[in-house]
Every structure is written in C-alpha cells, then in structure tokens.
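Following: one structure in structure tokens, then a few remarks.
Counting starts at 1 for both ligands and their atoms, in listed order.
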Amino acid sequence: MAGCIFCKIAAGELPSEKIYEDDEILAFNDLYPVAPVHALIIPKVHIDGINMAKEGQEALLGRMLLTAKKIAEQKNLKNGYRILTNVGEDGGQSVKHLHFHIIGGRKLEAKFG
Ligand code: 5GP
Ligand code: ZN
C-alpha cells in the first residue's frame, strides 16, 4: 500500500535487519527494541491489522505464528518470550500494517497495559 513503511520494508525499498524471509513473510529487528530480542513478523501483503485479516488468510496467519516460534528458538529464548499484536488506536498500534512482535531476552512486566 502506498505510503506504508512496512510495505516498503517488505519490498526492499527501505532497509531492515532481516531475520527471516520467504515468499509471504518477512521478519526483521524492531528499530526501537524494548528488550534484547525484539523482532517483528509481517506478511508481505498489506493487511491493516489483525482486525482486517480475512477468511482465507488462516494459513498465512498460522505461518506467521510458527515463524515467531522458530525465531524464538533461533534466538535461544528458552526462558520464555511474548508474541503480541496491537490493534487500532486503543490497542496502541502505530504502524497500520499487521505485525507480530516477538519480545524476549529479559523478564517482561505489564502483561496488560
Ligand atoms: P506498533 O506500535 O504498531 O505495535 O509497533 C510498531 C513497531 O514498529 C514499533 O515497535 C516500532 O519501534 C517499529 N518501527 C517503526 N518504524 C520502524 C522502521 O522503520 N523499521 C523498523 N525495523 N521498525 C520500525
Ligand atoms: Zn503495508
């Protein structure tokens, strides 16, 4: 989608520190990490957020979650980690392209803000 920074990252038009890529998914380090490990997983196709995911995108969403798990393994997050996605204004979503955060490498607080 024009003007979407994560679409630009997916297209290679903006740089990112890539962790994983396939034909449908890209994972890269968050620019402003809140923990020693803070990665983002995005679909290459533009979806505004999980609230806008459609029937038929189950496989894509499932692959994103399994990719999150694999990244956590690669990053050796044996003690645990968090996968989260913010939705809309009240959810604190600042980038309107679906992304799962994978956060770990330290003890996390504040499960619910
Ligand atoms: P949200 O607030 O929408 O849940 O998360 C957006 C995340 O994207 C934030 O954690 C923010 O640090 C990250 N972010 C914003 N712009 C960029 C960017 O240009 N590159 C990367 N790698 N991360 C970004
Ligand atoms: Zn986008």
Side-chain angles (χ1 to χ4, degrees):
M1 200 180 80
C4 172
I5 54 167
F6 285 2
C7 280
K8 287 185 178 152
I9 286 174
E13 292 164 11
L14 281 177
S16 69
E17 291 177 18
K18 279 183 202 174
I19 300 169
Y20 173 82
E21 182 169 20
D22 64 28
D23 51 334
E24 289 192 302
I25 293 168
L26 181 68
F28 51 95
N29 286 324
D30 197 293
L31 198 55
Y32 306 103
V34 300
V37 175
H38 188 170
L40 301 171
I41 299 180
I42 65 168
K44 289 189 171 176
V45 66
H46 182 90
I47 302 171
D48 279 355
I50 195 70
N51 55 331
M52 296 304 284
K54 294 190 170 73
E55 302 290 328
Q57 292 181 316
E58 296 90 347
L60 172 63
L61 298 172
R63 282 176 69 182
M64 287 174 66
L65 280 174
L66 281 176
T67 301
K69 186 201 91 161
K70 285 181 197 159
I71 289 171
E73 285 166 1
Q74 272 172 22
K75 300 280 185 183
N76 209 26
L77 299 178
K78 288 196 170 80
N79 221 28
Y81 54 93
R82 193 170 290 162
I83 299 171
L84 71 88
T85 188
N86 296 317
V87 186
E89 176 96 18
D90 282 2
Q93 184 181 2
S94 60
V95 178
K96 303 293 188 288
H97 180 129
L98 174 63
H99 49 283
F100 294 159
H101 297 254
I102 301 117
I103 301 170
R106 68 169 171 81
K107 179 91 176 155
L108 301 169
E109 311 100 30
K111 277 189 190 159
F112 306 107

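When all heavy atoms of P36 and G105 are compared, the closest pair comes out as CG-O, 3.5 Å. Across all their heavy atoms, M1 and C7 have their closest contact at N-SG, 3.0 Å. In terms of heavy-atom proximity, I71 sits nearest to A39 at CG2-CB, 4.5 Å. When every heavy atom of N29 is checked against every heavy atom of K75, the shortest pair comes out as OD1-NZ, 4.3 Å.
Inter-residue side-chain proximity for I103 and D30 is flagged as unmet; no heavy-atom pair is nearer than 4.5 Å. Contact of the M64 side chain with the L66 side chain is not registered, since no non-hydrogen atoms from C-beta on lie closer than 4.5 Å. Side chains of F28 and I42 form a contact here, defined as non-hydrogen atoms less than 4.5 Å apart.
Under a 4.0 angstrom heavy-atom cut-off, G92 registers as being in contact with ligand 1.
Atoms of ligand 1 lying under 4.0 Å from any heavy atom of F28, numbered from 1 in the order shown and given with element: 21 (C), 22 (N). Close approach of ligand 1 to H101 is summarised as follows: ligand atoms under 4.0 Å from at least one heavy atom of the residue are 1 (P), 4 (O), 5 (O), 7 (C), 10 (O). The distance from ligand 1 to the heavy atoms of N86 drops below 4.0 Å at these ligand atoms: 1 (P), 4 (O). Short contacts between ligand 1 and Q93, defined as distances under 4.0 Å to a heavy atom of the residue, involve ligand atoms 3 (O). Atoms of ligand 1 found under 4.0 Å from any heavy atom of Y32 (numbered from 1 in listed order, with element): 12 (O). Distances below 4.0 Å separate heavy atoms of F6 from the following atoms of ligand 1: 8 (O). Near I9, the atoms of ligand 1 lying under 4.0 angstrom from a non-hydrogen atom of the residue are 20 (N).
No donor-acceptor pair closer than 3.5 Å links the side chain of K44 to the backbone N or O of E21. Panel note: side chain E58, backbone G56; a donor-acceptor pair is recorded below 3.5 Å.
Nearest non-hydrogen protein atom to atom 6 (C) of ligand 1 is H99 NE2, 3.4 Å. Atom 12 (O) of ligand 1 has its closest protein heavy atom at D30 OD1, 2.5 Å.
The environment of CG in D22 is crowded: more than 12 heavy-atom neighbours from other residues, nucleotides or ligands sit within 6.0 Å. A 6.0 Å sphere centred on CD of E73 holds more than 12 heavy atoms belonging to other residues, nucleotides or ligands.
Of the candidates L98, N29, T85, I5, the one placing a heavy atom closest to atom 22 (N) of ligand 1 is N29.
Annotation: L31 places an N or O atom under 3.5 Å from an N or O atom of ligand 1; distance criterion only. Where the criterion is an N or O separation shorter than 3.5 Å, residue side chain and backbone included, S94 meets it with respect to ligand 1. Checked against a 3.5 angstrom limit, the closest N/O atoms of H38 and ligand 1 fall outside it.
For E17, no heavy-atom contact with ligand 1 is shorter than 4.0 Å. Contacts of V34 with ligand 1, taken as heavy-atom pairs under 4.0 Å, are absent altogether. Contacts between F100 and ligand 1, counted as non-hydrogen atom pairs separated by less than 4.0 Å, are absent for every part of the residue.
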Let me see the working for E24 and V45 under side chain to side chain contact (heavy atoms under 4.5 Å, CB included), right down to the final yes or no.
CA-CA 7 Å; E24 289 192 302; V45 66; over 6 Å; no

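Near the Zn ion (ligand 2), less than 2.8 Å away, sit the protein N, O or S atoms C4 SG, C7 SG, H46 ND1, H97 ND1.
H97 and H99 have their aromatic ring centers separated by at least 6.0 angstrom.
Of the residues listed (I83, I41, L40, V34), the one engaging H101 in a side-chain contact (heavy atoms from CB on, under 4.5 Å) is L40, and it is the only one.
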